[in-house]
Amino acid sequence: MPLDRFVLILVCVIGAAGLTIWLGAIVSASFAFPMGWFALVPTLLVLYVLWRVVSDRLRSAEDDRYDRTKR
């Protein structure tokens with residue numbers, strides 16, 4: 001497995017764990033403050049953009065230039 005893909009997986013796993021805790025805090029706080037649901041719209045937009053960036057990086061053949069080097 002290439003090192004850049006391994007690091008990307010680690011970053012995604014750590015980010016997903018932090019995001020899960022943060023979203024859980026927002027959802028639980030929104031029950032106490034009903035207008036808190038409006039905070040989810042920008043959060044979902046940011047998550048969508050991050051997902052598009054990561055998926056584009058994984059599919060890009062241009063980013064795999066180090067995988068073709070002779071070792």
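Scope of the values below: all heavy atoms of this structure, side chains included, with no hydrogens, waters or symmetry mates. Predicted model only: the values in this text are computed from it and were never measured.
- Checking Ile14, Val13, Val7, Ile9 one by one against Val11, the side-chain contact (heavy atoms from CB on, under 4.5 Å) holds for a single residue, Val7.
- Under the 4.5 Å side-chain heavy-atom criterion for Ile, Leu, Val, Met, Phe, Trp and Tyr, Trp22 and Val46 are members of distinct hydrophobic clusters.
- For the atom pair Cys12 SG and Leu50 CG, the distance stands at 9.0 Å (nearest 0.5 Å).
- Atom OG1 of residue Thr43 and atom CG of residue Leu19 lie 8.0 Å apart, to the nearest 0.5 angstrom.
- Residues Leu23 and Tyr48 are members of separate hydrophobic clusters, defined by side-chain heavy-atom contacts under 4.5 angstrom among Ile, Leu, Val, Met, Phe, Trp and Tyr.
- Between Phe6 and Leu10 there is a side-chain heavy-atom pair separated by less than 4.5 Å.
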